[in-house]
Amino acid sequence: MTTAASVDQPEPDSAPPAGAPLALRSPVDEPARSDGFVRGLSEAIGGPLGDYASRAGRTTFGGQRFWSVGRIVLAMICLTLSLHWVQKYPCNDGAWADLKQYKYMCYTDVLALYYAERLSDGAVPYRDHPVEYPVVTGAFMGVIGLGVHALGQDNPDLNQGQLFYNLNALALGALGVATAGLLLSVRKRRPWDVALFALSPALFLSATVNWDLLAIAFAAAGFVLWAKRYPAWAGVMIGLGASAKLWPALLAFPLLALCVRAGKLKEFGIAMGAGAAAIAAVNVPVALLWRDNWMRFIDLNRERPIDWGTLWYIGDHFPRGGDQYGLEPFQWLGRNIPVLNTLTWVLIGASMVAIGALILTAPRRPRLAQVAFLAVAAFLIFNKVWSQQFVLWLIPLIVLARPRWGAFLAWSFAEVAYFVAFYGQLMGASGKTVFPEWVFVLAATLRLGTVILLVVLVVREIRYPELDVVRQSYADDPDGGVLDEAPDRRDVKATSAAPEPVPA
C-alpha cells in the first residue's frame, strides 16, 4: 500500500505495467498518459513515455535529481512572469503619449494609481486620500509607494512611477511564484497540474495589471493551511485575502456546506472565527480613524455603472442589426443602478444556495477546490464588474478543481481574445475606433461562454465523480484537510436507513 511518505520519493526508473492498481503505479501523474488532450499532442514527439523509459532525469554530484517536476514548474512561472514584465516594458516609464498604453496593450493600474492615489505626493493611504481598494491592498501599495516617494525627494531625476511599478512587479512576481509553490505542496502526486497556472496565457497578460496576486497568494496559503489541518491559520489567511480583494470571502459558503455534510462544523467555526478576527484586526482601526476614506471601496462599488465585458454589458450592447445595440431590459437596468445592484446580489446569493444544494445532494462529497471554483465563477458571471485582471482569481482554482488541458486552453484562448478586444475598445473610447462594437461584444460573450463551460464541466464531475482525474490520484480530497476521507454523512444516513438482513 502506498504510504504518505512514498508520495515524496523520487519516481522509479520504470513504471509498473499498465493496469496495475493505483497504489502500485508511479506516484507522480504523467499528463501524456492521463490527459487525452496532452496525449494527442505528445504523438508529435513519439507519444507518451513507455513503461520502461528512464525517468531519472539530470543529477547533481550528490546523485540526487535536480530538475524535479516541481522545480521545472517553478522555472516555468519565472519565465512567464519575466516575459510579462517584457510585455509591460513599453509602458513602465509612464510616458503614455498618443495612447501608447493601449496600442501596445501594456496599461497597468499599478503605475497609473501611483499618481491617481496621490502616492506620488507622499499621501498616506486612507489617512490623506481615499483608496478604492480594501485595506491590505492599500497598505501594500502604500508601503512601496511611500518608500519610492521618499527616495524621489532626494533624487529629483528619479522616475518615481517607473520605480514604483518595477518594485511592485518584483513583489507581485514573488507572490506568483509563491502561489505556484503552494499549489505544488498540495499536488505532490500531480505536480504537472500546476504547469497550467505557470504557463497560463492569462497570467502572462494580466499578472501586474493590478494587485490581485496579493489576494491570490493569501487565498492559496489559506487553502494549503486548511489542507494541512490548521483551520485557524487557514481562516487568518483567507481573512487577509478578503481584506486585499473581496473574493476570498466567497470560499466560506461552499466550505460551510462541505463541513455540514462531513460533520465538521467545529473546524469550520474555528476557521471562520479566525478569519473574522483577521478582517477586524486590519479593517476596524482604519475604519474608526478615517471612516469616509475607508468607505470609498464600498461606495465606489455601489455607484459604479455596468462594467465592460460583463453579462450586463453584453445585454446592454447586444447587436440588433442596422448598427443598433442593446436589449431594453438590460438598458433599463443600466439606467437604474440600485436595482441592478440588488439583482446581482440576489443572483449571486441564489448561486451560493444552488452550490450548497449541489454539495449536499452529490453522490459523493465534492472536493473543496471544485466548489470553491464554482462560487468564484458564479460571482464573476453575475457581478456588474469584471475587470480584465479578475481572470487571475480563477486560474489557481480551476487548476485544483479540474486540471485538464483541453478546456483550460479553450478558456485561455477566449481570455486572450477578450484582452485584445478590450484594448481595442479602450482605443475606441479614446477617439480612435479600431473595430465595431459587436466585435467586443462577441469577445466578451466568448469569454463568458467558456467560463460557463468550465462550470458545467466541474458540475458534471461532481455529479459523476468517476470522471474526476484528481480522484484517480488521490483517495478523496487532497485539499480537504479535516474533510479528506472524513465520513460522509449522506452515506452514513443511507447505511443506517437500510433494512437489516433477516436471519436465515
Side-chain angles (χ1 to χ4, degrees), residues 219 222-223 226-227 231 234-235 237-239 241-242 245-276 279 311 341-383 393-394 396-398 400-402 451-468 470-471 476-497:
F223 247 87
W226 178 266
M237 291 295 107
I238 295 296
K245 289 292 176 82
L246 180 63
W247 68 268
L250 296 169
L251 304 181
F253 296 100
L255 183 59
L256 172 60
L258 289 172
C259 288
V260 167
R261 180 160 174 172
K264 298 293 183 179
L265 286 176
K266 176 183 177 182
E267 290 81 358
F268 174 81
I270 292 171
M272 291 305 101
I279 291 172
L311 167 67
N341 291 340
T342 301
L343 178 60
T344 57
W345 285 112
V346 167
L347 291 172
I348 291 168
S351 299
M352 298 304 133
V353 172
I355 293 168
L358 175 66
I359 292 169
L360 297 175
T361 61
R364 182 175 180 180
R365 188 174 59 243
R367 293 187 294 107
L368 174 59
Q370 291 175 311
V371 290
F373 169 79
L374 294 180
V376 177
F379 178 80
L380 290 178
I381 289 168
F382 294 116
N383 196 25
W393 305 355
L394 292 178
L397 293 175
I398 195 61
L400 298 177
R402 191 179 187 274
V451 171
I452 292 173
L453 172 63
L454 291 177
V455 168
V456 170
L457 292 172
V458 170
V459 170
R460 185 183 70 158
E461 292 182 2
I462 290 174
R463 300 302 301 174
Y464 301 96
E466 66 274 10
L467 301 176
D468 181 3
V470 175
R471 292 194 188 276
D476 189 18
D477 183 0
D479 317 315
V482 297
L483 303 171
D484 186 30
E485 299 191 52
D488 192 331
R489 288 206 158 183
R490 182 179 179 190
D491 294 341
V492 171
K493 183 178 180 180
T495 302
S496 62

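Not one N or O on the side chain of Asp479 forms a donor-acceptor pair closer than 3.5 Å with the backbone of Leu368. Checking side-chain atoms of Arg365 against main-chain N and O of Leu483 turns up a donor-acceptor pair under 3.5 Å. Arg261 contributes a side-chain N or O that, together with a main-chain N or O of Ala362, makes up a donor-acceptor pair within less than 3.5 Å. Between the Trp247 side chain and the Ala242 main chain, no donor and acceptor come within less than 3.5 Å of each other.
Arg367 and Asp468 make their closest contact through NE-OD2, 2.7 Å (heavy atoms, listed as atom of the first residue, atom of the second, distance). Heavy atoms only, all atoms of each residue included: Ala271 and Trp226 are closest at CB-CZ3, 3.9 Å. Taking all atoms of both residues into account, the shortest heavy-atom contact from Ile238 to Pro248 is CG2-O, 3.6 Å. In terms of heavy atoms, Ile462 sits closest to Pro366 at CG2-CG, 3.6 Å. Taking each heavy atom of Leu250 and Val376 in turn, the nearest pair found is CD1-CA, 4.2 Å. Closest approach of Ala257 and Leu360 over heavy atoms only: O-CD2, 3.8 Å.
To the nearest 0.5 angstrom, Gln370 atom CD is 7.0 Å from Glu461 atom CD. How far CD1 of Ile398 is from CG of Leu457: 8.0 Å, rounded to the nearest 0.5 Å. In this structure, Phe268 CZ and Leu256 CG are separated by 4.0 Å, a value rounded to the nearest 0.5 Å. Taking CG from Leu255 and CE from Met272, the interatomic distance works out to 5.5 Å, rounded to the nearest 0.5 Å. A distance of 13.5 Å separates CH2 of Trp393 from CZ of Phe373, quoted to the nearest 0.5 Å.
Between Leu258 and Lys264 the shortest side-chain heavy-atom distance does not fall below 4.5 Å. Side-chain contact between Phe253 and Val353 is absent, with no heavy-atom pair separated by less than 4.5 Å. Contact of the Leu374 side chain with the Leu358 side chain is registered, since non-hydrogen atoms from C-beta on lie closer than 4.5 Å.
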* **From CA spacing to verdict: side chain to side chain contact (heavy atoms under 4.5 Å, CB included), Val458, Val371** => CA-CA 8 Å; Val458 170; Val371 290; over 6 Å; no
* To do: Go through the steps for Leu380 and Val451 under the test side chain to side chain contact (heavy atoms under 4.5 Å, CB included), then give the verdict.
  => CA-CA 9 Å; Leu380 290 178; Val451 171; 5.9 Å; no
